[in-house]
> 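I have a structure here, written as structure tokens, and I will follow up with some questions on it.
Hydrogens, waters and symmetry mates play no part in the numbers below; they use all other heavy atoms, side chains included. By convention in this document, chain letters (A, B, ...) are assigned in the order of the sequence lines, proteins followed by strands, and residues within each chain are numbered from 1.
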Amino acid sequence: MPELPEVETVRRTLDPLLRGRTIAGFTLNWHRTLEHPTLEAFEYSVVGGQVSGVSRRGKLILIRLSTGGAITVHLRMTGELLFRPDARTIRNSTREAYLRAEFSFTDGSELLFYDTRKFGKIAYRSPDELLGLEARLGVEPLEPDFTADILAALLLARRRQIKPLLLDQAVIAGLGNIYVDESLFRSRIHPLQLSSELGAISIDALHTAIVDVLSTAVALHGTTLRDYRSGLGEPGENQSRLRIYGLKPGTPCPDCGSPLERLVIGQRGSIFCPNCQLLPVIDTPRQ
DNA sequence: CACTGAGCCTGCTAGC
DNA sequence: TGCTAGCAGGCTCAGT
């Protein structure tokens, strides 16, 4: 499923391809794919618009228009944005059933949105709405302002289980289940660990792990486990770097050999090593 | 404030 | 071998 590295890869491939192109039309094949506003208002805001660039905020792709507004695309689980230079060439017919939306450009190229599970969302946001959206998202973990000190402040200001906290896009924008499990494993932190009780060494290790895991995955164009593809349809190469995600409970830990365990935390499957990722022992007073 | 559960979807897999 | 129940999961909303 696309998280920050996958979305960033799509952004990087699409930016030079879409920049300067003018939208000629929009077709919506599944009504719920369009999140906002109405289809009529969306077409009015978008058709005739020129793309000034493609940016990213967290897991959100922003196709910026010269008017200052932007088309936002969230891939969620199985969404794919695919650019095709020539709309007249033959499409992959087996995938047409999952084609949820199409943008055509005035030069005959097109941008297709495929999404098997229909969770993905496309919207148009005015400049004002973009400001509101920005305010709802947390720090960008690959930007320079994401320091260990900032992470410590974010974690210690809350008393929450670390895993749901790291998945909270209002706190840190872009992490999903794969990279959170990987980061917690590398920093040897139990997914149920209370954020407010983490020590400086663990927080520093977690910060290093998050930055390393994400930047490696970006360099390798993301992790393709099944559906994820870049804006040109290419799979990523980061899957070989995953150390724990995707392993089944009972599998020996790659570090210590203990059987891995699985818990459902905040409705997400979570794989971890109960030996490497210890919960602190809380001793309770005798009655 | 922190957490839980439902709902949105459909392909895949585990288990019979 | 063939079938089905349940899992997978990002995000929002309602409720405790």
> For the pair made of CG in N177(A) and C1' in dG9(C), what is the distance, rounded to whole Å?
7 Å
> Can you hop from L60(A) to V7(A) via hydrophobic side chains spaced under 4.5 Å?
no
> Can any side-chain N or O of T224(A) pair as donor or acceptor with the backbone N or O of G236(A) at less than 3.5 Å?
yes
> Specify the residues of residues 212-243 of chain A, ordered by number, for which at least one heavy atom lies under 4.0 angstrom from an atom of DNA chain C.
none
> Please produce a list of atom pairs where a protein N or O lies less than 3.5 Å from an N or O of nucleotides 11-14 of chain C.
{"residue": "dC11(C)", "atom": "OP1", "partner": "H74(A)", "partner atom": "NE2", "Å": "2.7"}
{"residue": "dC11(C)", "atom": "OP2", "partner": "K59(A)", "partner atom": "NZ", "Å": "3.1"}
{"residue": "dC11(C)", "atom": "OP2", "partner": "Q169(A)", "partner atom": "NE2", "Å": "3.4"}

> Check this for me, if you would: do D107(A) and R21(A) make a salt bridge, where the nitrogen-to-carboxylate-oxygen distance has to be below 4.0 angstrom?
yes
> Rounded to whole angstrom units, what separation is found between the CG atom of L75(A) and the C1' atom of dA8(C)?
17 Å
> By nearest nucleotide on DNA chain B, pick out whichever of F119(A) and P164(A) is the more 5' one.
P164(A)
> On DNA chain B, reading 5' to 3', which nucleotide is the first and which the last to sit with an atom under 4.0 Å from a heavy atom of chain A, could you check?
dA2(B) to dA14(B)
> Starting at the 5' end of DNA chain B, which residue's closest nucleotide do you reach first, T116(A) or Q161(A)?
Q161(A)
> Is there a donor-acceptor pair closer than 3.5 Å between any side-chain N or O of K163(A) and the backbone N or O of G266(A)?
no
> Looking at every strand, decide which applies to Y179(A) at a 4.0 Å heavy-atom threshold: base, sugar-phosphate, or nothing.
nothing
> Other residues, nucleotides and ligands only: do more than 12 of their heavy atoms fall within 6.0 Å of CD1 on I201(A)?
no
> Once you measure the plane-to-plane angle for Y124(A) and F42(A), does it fall in the parallel (<30°), tilted (30-60°) or perpendicular (>60°) bin?
perpendicular
> What nucleic acid atoms does R262(A) come within less than 4.0 Å of, heavy atoms only: base, sugar-phosphate, or nothing?
sugar-phosphate
> Who does dA5(C) pair with, Watson-Crick or G-U, both distances under 3.5 Å?
dT13(B)
> Is a side-chain donor or acceptor of S195(A) paired with a backbone partner of R158(A) at a separation under 3.5 angstrom?
yes
> Between L151(A) and F146(A), is any pair of side-chain heavy atoms under 4.5 Å apart?
yes
> Are L75(A) and V73(A) packed together at the side-chain level, in the sense that at least one heavy-atom pair is separated by less than 4.5 angstrom?
yes
> For R241(A), is the CZ atom crowded, meaning more than 12 foreign heavy atoms sit under 6.0 Å from it?
no
> Using whole Å, what does the distance between atom P of nucleotide dG10(C) and atom CZ of R32(A) come to?
19 Å
> Would you please indicate if the ring centroids of Y98(A) and Y114(A) are separated by under 6.0 Å?
no
> To the nearest Å, how far apart are K118(A) NZ and dG10(C) C1'?
18 Å
